[in-house]
Colleague: 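The following block contains the structure, expressed as structure tokens.
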Number of protein chains: 2
Amino acid sequence: MLQEERQNIIINQINLHHKVLTTDLSKLLNVSLDTVRRDLHELEESGRIVKVHGGAVSKSFHLPFQQPQVYAREEKKEIAYKALGLFKEGMNVLMGGGTIMLELARIIPKNHKGTVFTVSPLVALEIAQRSTIRVILIGGEVSHDAYVCTGPTVISQLSELRVDLSFIGANGLSVKDGLTDNDWDVMQVKKALMKASDKTAVLSISEKLDTTQKMQVSPLRSFECIITELSPNDKRLQKYAKVTKVV
Amino acid sequence: MLQEERQNIIINQINLHHKVLTTDLSKLLNVSLDTVRRDLHELEESGRIVKVHGGAVSKSFHLPFQQPQVYAREEKKEIAYKALGLFKEGMNVLMGGGTIMLELARIIPKNHKGTVFTVSPLVALEIAQRSTIRVILIGGEVSHDAYVCTGPTVISQLSELRVDLSFIGANGLSVKDGLTDNDWDVMQVKKALMKASDKTAVLSISEKLDTTQKMQVSPLRSFECIITELSPNDKRLQKYAKVTKVV
DNA sequence: AGAAATAATGCACGAATCAGCAAAATAAAA
DNA sequence: TTTTATTTTGCTGATTCGTGCATTATTTCT
């Protein structure tokens with residue numbers, strides 16, 4: 001077998017699986033490990049792949065220093081725009097935390113009528129800064145990782161509140177387990193958010209669909225709708241559409 | 001499984017959920033805790049994530065509030081350092097809003113013991129971000145100009161609170177009129193802050209000495225001390241020193 | 001302050017890598 | 001074709017790398 005032929009096969013395998021193991025290639029091509037290694041070395045020199053210990057990965061798979069400021073920013077913006085459509089003039093809404101909420105906060109029109117309640121200091125500041133809308137921040141202990149107010153104060157304040165609509169971000173979302181979270185305090189807050197509102201919309205990027213975290217916030221059917229960046233008739237959403245509205 | 005592959009999965013999990021636990025990753029990836037820890041270590045070294053006790057959090061969850069030009073920054077830092085001297089280990093303190101408070105928030109040591117209550121979302125976020133100290137945000141309507149929580153909710157929550165010490169920024173400060181402010185809501189909040197604390201320290205740059213605003217918060221004598229960037233025996237402070245302590 | 005959870009450290013073992021060398025294959029020249 | 005030069009391949013041993021385990025620190029919770 002020619003060297004070039006072999007290397008083409010290797011490239012092919014990498015494109016196919018994003019990664020290859022040196023030992024696998026050795027068996028597949030019936031050559032020694034050294035030969036495979038030398039091939040990988042050359043392919044790396046010519047910049048076609050990235051060699052790692054144990055094998056090699058495709059260049060796109062190995063993201064060298066790409067550090068997005070906000071992960072999946074565009075998708076989240078898209079979701080925020082859809083959500084904004086539900087926020088009619090004069091409504092009182094309740095917003096949770098997370099990057100999607102921040103995007104939503106950014107696009108609320110300056111003179112929108114209504115009141116926003118939120119447990120997220122960041123959301124509160126963003127809205128207060130950009131718009132003249134009334135912002136009520138529900139205070140409590142500030143969580144060190146999610147930057148959201150949590151704790152009994154939050155729960156009790158929310159229990160005295162009644163709003164038309166709430167927006168909640170998702171950590172895990174699946175048909176079977178509904179909305180799930182991995183932080184007990186945050187889970188409690190989300191439950192309270194839902195209790196305080198007539199309707200609740202879940203905002204989530206599609207990547208979180210069919211994932212489950214440790215604790216359940218609420219089953220799917222209790223939500224007014226699920227908002228993702230996907231088209232409502234996307235295949236991935238169909239099983240959700242049977243239980244609740246998808247947007 | 002390739003190391004590279006594993007680390008990509010970890011990054012992805014963190015992007016999705018902002019925070020991951022070492023034990024969860026260990027189960028998810030079917031490797032020992034040590035391996036996960038080493039991965040997290042490497043990812044931190046290359047600057048892609050931030051490691052915390054028990055797991056790791058996303059680096060990209062950075063706070064977008066910027067502070068372009070702070071007037072008299074150096075003087076304010078100086079004041080903040082003096083104020084920090086009063087914040088002993090284990091104390092519960094209450095902080096108002098304003099740029100001096102932000103400087104104070106920035107210099108609180110990472111592992112300082114104690115609890116901070118504040119009506120300023122900015123202060124709360126700054127502390128929550130930089131330190132492991134407990135931060136309780138007193139919620140309410142977010143003022144559009146001072147970015148401080150105001151209104152009846154704040155007042156009533158503060159009335160149920162009792163702390164050792166509070167730090168308040170000044171808008172106007174004079175021997176004759178004491179601490180004065182020009183915003184009715186903020187004035188009310190400051191009054192409530194004082195009522196909730198055993199002692200109150202006023203933080204002010206010297207420029208505001210001998211100035212008076214429309215509404216009085218409290219006369220001078222009710223303060224434990226006044227903190228400025230000046231030396232305590234500066235000429236300008238002498239008339240204040242007759243009424244209360246100056247630092 | 002004590003108990004439990006989490007992290008760091010040192011060690012051992014196997015797997016992967018590398019360098020140099022000899023054999024084999026291929027290409028080029030006589 | 002034979003001979004020679006060049007490239008490619010496989011092997012050996014030394015070395016590094018990745019992983020898990022045991023032990024010791026550190027942190028957190030109560």
Side-chain angles (χ1 to χ4, degrees), chain A residues 1-11 13-14 17 19-46 49-57 62 141-146 150-152 182-186 188 214-215, chain B residues 1-11 13-14 19-46 49-57 89-90 92 108-116 127-128 130-136:
Chain A
M1 165 158 338
L2 257 56
Q3 194 184 34
E4 193 182 325
E5 188 183 350
R6 227 177 28 232
Q7 300 194 353
N8 280 334
I9 295 179
I10 292 177
I11 294 274
Q13 288 292 313
I14 289 186
H17 305 114
K19 64 147 192 182
V20 284
L21 303 184
T22 316
T23 53
D24 288 351
L25 286 177
S26 167
K27 272 179 268 177
L28 175 69
L29 304 168
N30 273 315
V31 289
S32 77
L33 284 171
D34 302 76
T35 305
V36 173
R37 224 169 270 126
R38 272 183 278 249
D39 282 338
L40 294 178
H41 184 75
E42 283 175 29
L43 289 170
E44 178 175 62
E45 293 247 306
S46 64
I49 67 173
V50 177
K51 207 150 67 81
V52 299
H53 193 94
V57 297
H62 170 85
E141 174 157 5
V142 180
S143 126
H144 286 265
D145 32 87
T150 61
N182 55 12
D183 184 309
W184 193 84
D185 288 316
V186 174
Q188 294 294 329
K214 286 192 287 283
M215 310 174 208
Chain B
M1 159 141 7
L2 255 37
Q3 193 187 34
E4 168 96 12
E5 207 181 348
R6 225 179 29 231
Q7 300 193 352
N8 279 335
I9 295 177
I10 291 176
I11 295 262
Q13 287 293 313
I14 291 183
K19 181 180 178 183
V20 288
L21 302 182
T22 316
T23 51
D24 288 349
L25 287 176
S26 166
K27 272 179 264 175
L28 175 70
L29 303 167
N30 272 314
V31 291
S32 75
L33 284 171
D34 304 75
T35 303
V36 174
R37 258 182 226 116
R38 269 184 281 248
D39 281 338
L40 294 178
H41 183 75
E42 282 176 31
L43 290 172
E44 179 174 60
E45 292 247 308
S46 65
I49 66 171
V50 176
K51 214 148 65 78
V52 297
H53 196 91
V57 297
E89 289 280 312
N92 292 342
I108 293 180
K110 189 168 176 351
N111 286 318
H112 195 87
K113 298 285 179 252
T115 305
V116 171
I127 300 180
R130 294 196 47 279
S131 130
T132 57
I133 206 170
R134 225 165 95 92
V135 188
I136 314 285

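So you know, we letter chains A, B, ... as the sequences are listed, proteins then strands, and number each from 1.
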Colleague: Establish, with yes or no, whether the OP1 or OP2 oxygen of D:dT9 is under 4.0 angstrom from a side-chain nitrogen or oxygen of A:Ser32.
Modeller: no
Colleague: Take the protein atom CG of B:Leu33 and the nucleotide atom P of D:dA22, then report the distance between them rounded to whole Å.
Modeller: 14 Å
Colleague: Using only heavy-atom distances, decide whether a donor-acceptor pair under 3.5 angstrom links the side-chain of A:Arg38 to the base of D:dG10.
Modeller: yes
Colleague: Without decimals, in angstroms, what is the distance between A:Arg37 CZ and D:dT8 P?
Modeller: 18 Å
Colleague: What I want to find out is whether A:Lys214 reaches B:Asp24 closely enough, with some N-O distance under 4.0 Å, to be called a salt bridge.
Modeller: yes
Colleague: Within the structure, does a side-chain N or O atom of B:Lys113 lie under 4.0 Å from either OP1 or OP2 of D:dT28?
Modeller: no
Colleague: To the nearest angstrom, how far is B:Lys27 atom NZ from D:dG20 atom C1'?
Modeller: 18 Å
Colleague: Less than 4.0 angstrom between a side-chain N/O of B:Lys110 and OP1 or OP2 of D:dT27, yes or no?
Modeller: no
Colleague: What integer distance in Å separates B:Asn30:CG from D:dT19:P?
Modeller: 13 Å
Colleague: For a quick test of reading the model: is some side-chain N or O of B:Thr22 closer than 4.0 Å to OP1 or OP2 of C:dA7?
Modeller: yes
Colleague: Please pick, from D:dT19, D:dT9, C:dA7, the nucleotide with the shortest atom-to-atom distance to any side-chain atom of A:Thr35.
Modeller: D:dT9
Colleague: OP1 or OP2 of D:dT9 versus the side-chain N and O atoms of A:Arg6: is any pair under 4.0 Å?
Modeller: yes
Colleague: Atom NE2 of B:His41 and atom C1' of C:dA8: how far apart are they, to the nearest Å?
Modeller: 10 Å
Colleague: Side chain of B:His53: nearest nucleotide among D:dT12, C:dA16, C:dT6?
Modeller: C:dT6
Colleague: Ignoring hydrogens and angles, state whether a donor on the side chain of A:Thr23 or A:Ser26 is under 3.5 Å from an acceptor on the partner side chain.
Modeller: no
Colleague: Answer with base, sugar-phosphate or nothing: what part of the nucleic acid does A:Val52 contact at a heavy-atom distance below 4.0 Å?
Modeller: sugar-phosphate
Colleague: Whole Å only: how far is the CD1 atom of B:Ile133 from the P atom of D:dT27?
Modeller: 17 Å
